[in-house]
Amino acid sequence: MTQNNQIHKALYLPFERQQWAELRESVPLTLSENDLADLRGINEKISLSEVTDIYLPLSRLLNLNVGAKQQRGLALNEFLGRVPPKRPYIISIAGSVAVGKSTTARILQALLSHWPEHPKVDLMTTDGFLHPLAELKRRGLMQRKGFPESYDMKGLVEFISAVKAGESAVSAPIYSHITYDRIPNQLQWVRQPDILIIEGLNVLQTGQDSAVDTRRPFVSDFVDFSIYVDAEEELLKKWYIERFLQFRTGAFSEDSSYFHHYSQLSDAEATAIASKIWDSINGPNLTLNIHPTRERAHLILQKGQDHRMDQVLLRK
C-alpha cells in the first residue's frame, strides 16, 4: 500500500506536520497528561505535542465547519418560518484495525466538547452493529468479522438516520471486546447531541462498494465531515501484533473473554497467531473494503512510526 504518490494531488491540500500545527492559532490546550492517559488506546504513544500539533488545529477546523453549518441552518429556517429541529453535526472516523481510530475519536470528543458553541459531543462505534456471534456463525461469517457483510447495516443506517433527523432519543447496541459479542439487554442512548462522532471500519463506504441494492442509503450519506486515519500496512500489522501481545495480560486474561485461551501463549506463539489473523482477515479487509474508501474522506491523517502523524491531507 502506498500513500502520498497515489493520492490525487488535485483532491487534497497536503500539510507537513509543522505547517498544520501553525493552523492552531490561539486555540488553548484543554487536556493534561492525566487526561491523555485516559484517552490513549492500547500501545499508542500519544503525547501532548501530538494533541497540540495535530488535534488542536483539527478541532479548530471542525468548530468552524460546525459554525458554518449552524448558520446555514438558521438562514434556511428563517426563510421557511419554522423552529429549527435540533440536528447534530456528524463526524465519521474510518481506517484499519489497529490504526488508532478510537483514540482519535476520544481526543476529538474531549477537545470539541470544550468549544462553547457545541458542548454536547457524543461518541459511538459501529461495533455494536456487528451481527451477534450466533448470527455470524449461522451465516458462516466468523472469518469475515469486520467485513461489510458482518454488520447489521440496515440497523446502523436506521440509527444514524434517526439521530440526523433530530429524534429525541435513539438507541444503539453495545459491543464487548471481552465476550467478542453484543452485550445483551444493554443499549447506548444518543439524545440530541450537538456533535456525534461515529467511528468504524466501513463508515466511508457508499453504494459504489455494495454488491446489493445501491438505492438504499449508507452511513456516509448522513456524515458532515469524514476523517480517514492512515498508515502503511507494514506498520498496521506490526501495531496489531503488538496490541495482541498486550491483550494477553489484559482483556484475554479475563475468564469471560472469548480469547481467554490465548492468554497463556508465549510471545512466539502469540506473534504467529496474530500474524495469521492479520493475513487472513484484517489485511484482506483493509485491501478490499477499507483502503479503497480513503480518498472519499474530507481529511486524511497519515501516521508514521509510533503512531506519530507525519502529514495531514485536507480535501480542497
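Values reported hereafter were calculated over all heavy atoms of this structure, with side chains retained and with hydrogens, waters and symmetry mates removed.
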Student: Quick check: is Leu48 connected to Val312 through a chain of hydrophobic side chains (ILVMFWY, heavy atoms under 4.5 Å apart)?
Tutor: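 Yes, Val312 connects to Leu48 through the hydrophobic network.
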Student: Donor-acceptor pair, distance only, cut-off 3.5 Å: does the side chain of Asn202 make one with the backbone of Gln205?
Tutor: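 No; judged by distance alone, with no hydrogens or angles, the pair does not exist.
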Student: Do Tyr228 and His291 pass the side chain to side chain contact (heavy atoms under 4.5 Å, CB included) test, and can you show the C-alpha distance, the side-chain angles, and the key distance before you say yes or no?
Tutor: CA-CA 9 Å; Tyr228 187 96; His291 187 257; 4.1 Å; yes
Student: Please report the C-alpha distance between Ile46 and Ile107 in whole Å, then the side-chain angles of each, then the deciding distance to 0.1 Å, and finally whether the side chain to side chain contact (heavy atoms under 4.5 Å, CB included) criterion is met.
Tutor: CA-CA 10 Å; Ile46 303 296; Ile107 292 173; 3.8 Å; yes
Student: Look only at the side chain of Gln192 and the backbone of Gly166, and say whether a donor-acceptor pair between them is shorter than 3.5 Å.
Tutor: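 Side chain of Gln192 to backbone of Gly166, a donor-acceptor pair under 3.5 Å: yes, one is there.
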Student: Scan for side chain to side chain donor-acceptor pair (under 3.5 Å) pairs involving residues 153-167, sequence neighbours excluded, and state none if there are none.
Tutor: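 For residues 153-167, and leaving out neighbouring residues, the side chain to side chain donor-acceptor pair (under 3.5 Å) pairs sorted by first residue read Lys154-Glu158, Lys164-Asp224.
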Student: Is Leu187 reachable from Leu196 through a run of I, L, V, M, F, W or Y residues, each pair having side-chain heavy atoms under 4.5 Å apart?
Tutor: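 No: no chain of side-chain contacts under 4.5 Å links Leu196 to Leu187.
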Student: Whether the side chain of Thr287 engages the backbone of Pro284 through a donor-acceptor N/O pair (distance < 3.5 Å, no angle test) should be reported.
Tutor: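 No, Thr287 side chain to Pro284 backbone: no donor-acceptor pair under 3.5 Å.
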Student: Count I, L, V, M, F, W, Y as connected when their side-chain heavy atoms are under 4.5 Å apart, and connections chain through other members. Are Phe244 and Ile178 then in the same cluster?
Tutor: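 They do not share one cluster, since no chain of ILVMFWY contacts under 4.5 Å joins Phe244 to Ile178.
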Student: Ignoring hydrogens and geometry beyond distance, is a side-chain donor-acceptor pair present between Asp127 and His177 at under 3.5 Å?
Tutor: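 On atom types as modelled, these side chains qualify, holding a pair under 3.5 Å.
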Student: Identify which one of Met124, Lys120, Lys86 satisfies the side chain to side chain contact (heavy atoms under 4.5 Å, CB included) criterion when paired with Pro193.
Tutor: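 That would be Lys120; it is the only one of Met124, Lys120, Lys86 passing the side chain to side chain contact (heavy atoms under 4.5 Å, CB included) with Pro193.
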Student: Could you see if Leu11 belongs to whatever hydrophobic cluster contains Leu301? Use Ile, Leu, Val, Met, Phe, Trp, Tyr and a side-chain cutoff under 4.5 Å.
Tutor: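 Same cluster.
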Student: Quick check: closest heavy atoms across Tyr12 and Ala297, and the distance to 0.1 Å?
Tutor: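 Shortest heavy-atom separation between Tyr12 and Ala297 comes out as OH-O, 2.6 Å.
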Student: Between Thr104 (side chain only) and Gly100 (backbone N and O only), is there a donor and an acceptor less than 3.5 Å apart?
Tutor: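 Indeed, once roles are kept as given, a pair shorter than 3.5 Å links the two residues.
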Student: Where the side chain of Glu269 meets the backbone of Ser266, is there a donor-acceptor pair that is under 3.5 Å apart?
Tutor: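 Between the backbone of Ser266 and the side chain of Glu269 there is a qualifying donor-acceptor contact (under 3.5 Å).
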Student: Ignoring hydrogens, what is the shortest heavy-atom contact between Ser59 and Leu111? Give both atom names and the distance.
Tutor: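 Scanning both residues completely, I find the closest heavy atoms to be CB-CB, 4.1 Å.
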Student: Using a strict threshold of under 4.0 Å (side-chain N to carboxylate O), is an ion pair present between Arg248 and Asp267?
Tutor: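 The answer is yes: the pair qualifies as a salt bridge.
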Student: Indicate, with yes or no, if the rings of Tyr262 and His260 have centres closer together than 6.0 Å.
Tutor: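 No, the ring centres sit 6.0 Å or more apart.
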Student: For side chain to side chain contact (heavy atoms under 4.5 Å, CB included), just list the numbers for Leu112 and Ile91, CA-CA rounded to whole Å, side-chain angles, deciding distance to a tenth of an Å, and then say yes or no.
Tutor: CA-CA 11 Å; Leu112 290 171; Ile91 300 167; 3.8 Å; yes
Student: Ser176 side chain to Thr179 main-chain N or O, any donor-acceptor pair under 3.5 Å?
Tutor: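 Judged by distance alone, yes, a pair lies under 3.5 Å.
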Student: Kindly say whether Gly146 contributes a backbone atom to a donor-acceptor pair with the side chain of Asn285 at under 3.5 angstrom?
Tutor: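 Yes: the side chain of Asn285 pairs with the backbone of Gly146.
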Student: Would you find a donor on one side and an acceptor on the other, under 3.5 Å apart, between the side chain of Arg144 and the backbone of Phe147?
Tutor: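 A pair under 3.5 Å: no.
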Student: Taking only Lys NZ, Arg NE, NH1 and NH2, and the carboxylate oxygens of Asp or Glu, determine whether Glu50 and Arg308 approach each other closer than 4.0 Å.
Tutor: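 Here Glu50 does not pair with Arg308 in a salt bridge, since their nearest N and O are not under 4.0 Å apart.
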Student: According to the ring-ring contact (aromatic ring centres under 6.0 Å, His included) rule, which pairs have a member within residues 153-173, sequence neighbours left out?
Tutor: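 The answer is Phe129-Phe159.
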Student: Look at atom CD of Gln19 and say whether more than 12 heavy atoms of other residues, nucleotides or ligands are closer to it than 6.0 Å.
Tutor: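 Above 12, so yes.
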Student: For atom CD of Glu135, is the number of surrounding heavy atoms from other residues, nucleotides or ligands below 6.0 Å larger than 12?
Tutor: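 Yes, enclosed.
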Student: Shortest non-hydrogen contact from Arg296 to Leu204?
Tutor: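 So the minimum-distance heavy-atom pair works out to NH1-O, 3.4 Å.
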Student: Answer whether the closest heavy-atom distance between the side chains of Leu123 and Ile198 falls below 4.5 Å.
Tutor: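 They are not in contact (no side-chain heavy atoms under 4.5 Å apart), so the answer is no.
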Student: Just verifying a value: how many Å separate Arg24 CZ and Leu58 CG, rounded to the nearest 0.5 Å?
Tutor: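 If I round to the nearest 0.5 Å, the distance is 13.5 Å.
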Student: For Ser275 and Lys237, does a side-chain donor sit closer than 3.5 Å to a side-chain acceptor?
Tutor: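 The criterion, which ignores hydrogens and geometry beyond distance, is satisfied for Lys237 and Ser275.
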Student: Closer than 4.0 angstrom, basic N to acidic O: yes or no for Arg17 and Asp53?
Tutor: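 So Arg17 pairs with Asp53 through a salt bridge.
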Student: Members other than Ile174 in its cluster, when Ile, Leu, Val, Met, Phe, Trp, Tyr link by side-chain heavy atoms under 4.5 Å?
Tutor: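 Ile183, listed by chain and number.
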Student: Please examine the side chains of Leu201 and Ser96, heavy atoms only from C-beta on, and report whether any two atoms are closer than 4.5 Å.
Tutor: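 The answer is no, as the side chains (C-beta and beyond) never meet within the 4.5 Å cut-off.
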Student: Any side-chain heavy atom of Ile227 within less than 4.5 Å of one from His298?
Tutor: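 Heavy-atom side-chain distance check fails, nothing below 4.5 Å.
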Student: Under a plain distance cut-off of 3.5 Å, with no hydrogens placed, do Glu234 and Trp239 share a side-chain donor-acceptor pair?
Tutor: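 Short answer, no.
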Student: Does NZ or CZ of Arg182 fall inside the cone over Tyr175's six-membered ring, less than 6.0 Å from its centre and within 45° of the axis?
Tutor: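 So Arg182 doesn't make the cation-pi contact.
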Student: For Val170 and Gln188, run side chain to side chain contact (heavy atoms under 4.5 Å, CB included): C-alpha distance rounded to whole Å, both residues' side-chain angles, the deciding distance at 0.1 Å, then the answer.
Tutor: CA-CA 8 Å; Val170 187; Gln188 175 183 350; over 6 Å; no
Student: Return the CZ to CG distance between Arg106 and Asp35, rounded to the nearest 0.5 Å.
Tutor: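 The CG atom of Asp35 is 13.0 Å from CZ of Arg106, to the nearest 0.5 Å.
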Student: Calculate, to the nearest 0.5 Å, the distance between atoms NZ and CG belonging to Lys276 and Asn282 respectively.
Tutor: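 Taking NZ in Lys276 and CG in Asn282, the distance rounds to 14.0 Å.
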Student: Where is the tightest heavy-atom contact between Met309 and Tyr55, given as atom of each residue plus distance?
Tutor: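 Answer, listing the atom of Met309 first, then Tyr55: CE-OH, 3.5 Å.
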Student: With no hydrogens and no angle check, is any side-chain donor or acceptor of Tyr240 less than 3.5 Å from a backbone partner on Ile277?
Tutor: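 Judged by distance alone, no pair lies under 3.5 Å.
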Student: What residue among Tyr180, Phe259, Tyr258 forms ring pair (Phe, Tyr, Trp, His ring centres under 6.0 Å) with Phe252?
Tutor: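 Among Tyr180, Phe259, Tyr258, the one that satisfies the ring pair (Phe, Tyr, Trp, His ring centres under 6.0 Å) with Phe252 is Phe259.
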Student: With a 3.5 Å distance limit and no angle check, can you tell me whether Arg60 reaches the backbone of Glu25 through a side-chain donor-acceptor pair?
Tutor: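 No, the answer is negative, given that no donor and acceptor are paired below the 3.5 Å cut-off.
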Student: Which atom pair, heavy atoms only, marks the closest approach of Ser92 to Ser226?
Tutor: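 Looking at all heavy atoms of both residues, the closest pair is OG-CB, 3.3 Å.
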Student: If you measure only the distance, is there a donor-acceptor pair under 3.5 Å linking the side chains of Ser150 and His131?
Tutor: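 No pair is found: no donor N or O on one side chain lies under 3.5 Å from an acceptor on the other.
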Student: Looking only at the side chains, is there a donor atom on one of Ser102 and Glu199 sitting less than 3.5 Å from an acceptor on the other?
Tutor: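 Indeed, the side chains of Ser102 and Glu199 share at least one donor-acceptor pair under 3.5 Å.
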Student: Minimum heavy-atom separation for Arg294 to Ile300, with atom names?
Tutor: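 The pair with the smallest heavy-atom distance is CG-CD1, 3.7 Å.
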Student: Working to the nearest 0.5 Å, report the span between CG of Leu141 and NZ of Lys137.
Tutor: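 Going from CG on Leu141 over to NZ on Lys137, the span is 13.0 Å.
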